[in-house]
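Note that this is a predicted model, so its numbers are computed, not measured. Side chains are part of it too, since the values below use all heavy atoms of this structure and drop only hydrogens, waters and symmetry mates. Residue indices begin at 1 and follow the sequence shown.
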Amino acid sequence: VRLVESGGGLAQPGGSLRLSCAASGLPFDDYNIAWFRQAPGKEREAVSCISSENGRTVYADLVEGRFTITRDNAENTVYLQMSDLKSEDTAIYYCATDVGPCSDILGPWTESEYDYWGRGTQVTVSS
């Protein structure tokens with residue numbers, strides 16, 4: 001299984017970025033994809049997840065209404081559209097995958113549910 005993130009970079013507060021997570025080596029249609037982030041000096045936290053079967057989405061409260069996760073099963077890719085970015089969104093963003101649907105709620109326990117991870121992409125929000 002291989003996950004490769006891209007799309008990170010520098011954005012101004014209030015701006016937007018779109019991250020991509022390209023997956024290979026797995027039956028993509030059977031796996032959910034989640035995004036996590038880790039800011040300097042902080043624990044890694046779950047941001048969003050999209051299920052495999054019906055595309056059901058889950059968001060952390062901190063990004064609800066600002067981030068949108070989508071998936072393209074034909075391209076084996078998941079996207080995270082980030083809008084109205086804030087300085088506190090600055091972090092390394094990782095995608096991860098696990099078989100089956102997303103959990104109903106994202107929390108500190110979510111990280112332990114995932115076995116396959118990408119290497120991350122840096123997002124910096126600064127004026």
Side-chain angles (χ1 to χ4, degrees):
V1 177
R2 185 169 184 236
L3 301 174
V4 179
E5 302 94 337
S6 61
L10 176 65
Q12 292 189 341
S16 300
L17 282 174
R18 189 178 80 156
L19 306 183
S20 300
C21 173
S24 60
L26 74 166
F28 189 73
D29 292 359
D30 295 336
Y31 281 68
N32 75 70
I33 302 287
W35 284 97
F36 293 78
R37 68 186 184 187
Q38 187 167 20
K42 294 188 176 181
E43 298 289 324
R44 187 154 54 184
E45 62 181 356
V47 172
S48 184
C49 182
I50 186 164
S51 289
S52 53
E53 293 184 355
N54 54 14
R56 181 175 65 89
T57 58
V58 185
Y59 296 94
D61 289 344
L62 286 175
V63 305
E64 181 85 55
R66 299 189 298 121
F67 291 9
T68 303
I69 189 170
T70 57
R71 66 188 290 154
D72 183 339
N73 287 347
E75 297 293 330
N76 284 13
T77 300
V78 167
Y79 302 97
L80 185 69
Q81 178 68 47
M82 306 185 296
S83 302
D84 190 22
L85 284 165
K86 306 176 187 299
S87 59
E88 51 263 43
D89 295 319
T90 295
I92 299 174
Y93 283 71
Y94 301 88
C95 62
T97 189
D98 189 32
V99 66
C102 301
S103 298
D104 291 336
I105 300 174
L106 303 178
W109 58 87
T110 304
E111 182 176 354
S112 65
E113 298 174 355
Y114 289 83
D115 292 328
Y116 303 106
W117 294 80
R119 293 189 173 185
T121 185
Q122 175 71 48
V123 171
T124 302
V125 183
S126 175
S127 56

Is I50 linked to Y59 within one hydrophobic cluster, defined over Ile, Leu, Val, Met, Phe, Trp and Tyr using a side-chain heavy-atom separation of less than 4.5 Å? yes
With rounding to the nearest 0.5 Å, note down the distance linking CG in L17 to OG1 in T121. 9.0 Å
Indicate yes or no: at least one non-hydrogen side-chain atom of V125 is less than 4.5 angstrom from one of P13. yes
Are L10 and Q122 close enough, and set up right, to give a side chain to side chain contact (heavy atoms under 4.5 Å, CB included), and what steps lead you there? CA-CA 8 Å; L10 176 65; Q122 175 71 48; over 6 Å; no
Which is it for E45 and L62 under the side chain to side chain contact (heavy atoms under 4.5 Å, CB included) test, yes or no, and what are the steps along the way? CA-CA 11 Å; E45 62 181 356; L62 286 175; 4.2 Å; yes
Transitively linked via ILVMFWY side-chain contacts under 4.5 Å: V63 with V123? yes
Say you draw a straight line from CZ of R2 to CZ of R119; how long is it, rounded to the nearest 0.5 Å? 8.0 Å
Between W117 and F36, how do the two ring planes meet: parallel, tilted or perpendicular, split at 30° and 60°? tilted
Could you please spell out the steps behind the side chain to side chain contact (heavy atoms under 4.5 Å, CB included) verdict for R71 and T57? CA-CA 10 Å; R71 66 188 290 154; T57 58; over 6 Å; no
Under 6.0 Å from the OH atom of Y116, do we count more than 12 heavy atoms belonging to anything else shown? no
Minimum heavy-atom separation for V99 and D30, please, with both atom names. CG2-O, 3.6 Å
Here the gap from M82 atom CE to R18 atom CZ, rounded to the nearest 0.5 Å, amounts to 11.5 Å
Test side chain to side chain contact (heavy atoms under 4.5 Å, CB included) applied to Y93 and E5, step by step: CA-CA 8 Å; Y93 283 71; E5 302 94 337; over 6 Å; no
Mark yes or no for whether R56, through its side chain, and C102, through its backbone, hold a donor-acceptor pair below 3.5 Å. yes
N32 backbone acceptor or donor facing S52 side chain under 3.5 Å: no
Which atom pair, heavy atoms only, marks the closest approach of F28 to N73? CE2-OD1, 3.1 Å
To the nearest 0.5 Å, atom CD1 of I33 lies from atom OG1 of T70 at 12.0 Å
Any heavy-atom pair between the side chains of E43 and P108 that's under 4.5 Å? no
Smallest separation among heavy atoms of A11 and S16, with atom names: CB-O, 4.4 Å
d(C95 SG, Y114 OH) to nearest 0.5 Å is 11.0 Å
Has N76 got a side-chain atom pairing as donor or acceptor with A22's backbone, closer than 3.5 angstrom? no
To check you understand the geometry: which heavy-atom pair defines the closest contact between A60 and A46, and what is its length? CB-O, 3.5 Å
Hey, could you give me the OG/CG distance between S48 and L106, rounded to the nearest 0.5 Å? 7.0 Å
For atom CG of D61, is the number of surrounding heavy atoms from other residues, nucleotides or ligands below 6.0 Å larger than 12? no
F67 and I69: same hydrophobic cluster, using ILVMFWY side-chain contacts below 4.5 Å? yes
Using the rule that two of Ile, Leu, Val, Met, Phe, Trp, Tyr join whenever any of their side-chain heavy atoms come within less than 4.5 Å, decide whether W35 and L85 are in one cluster. yes
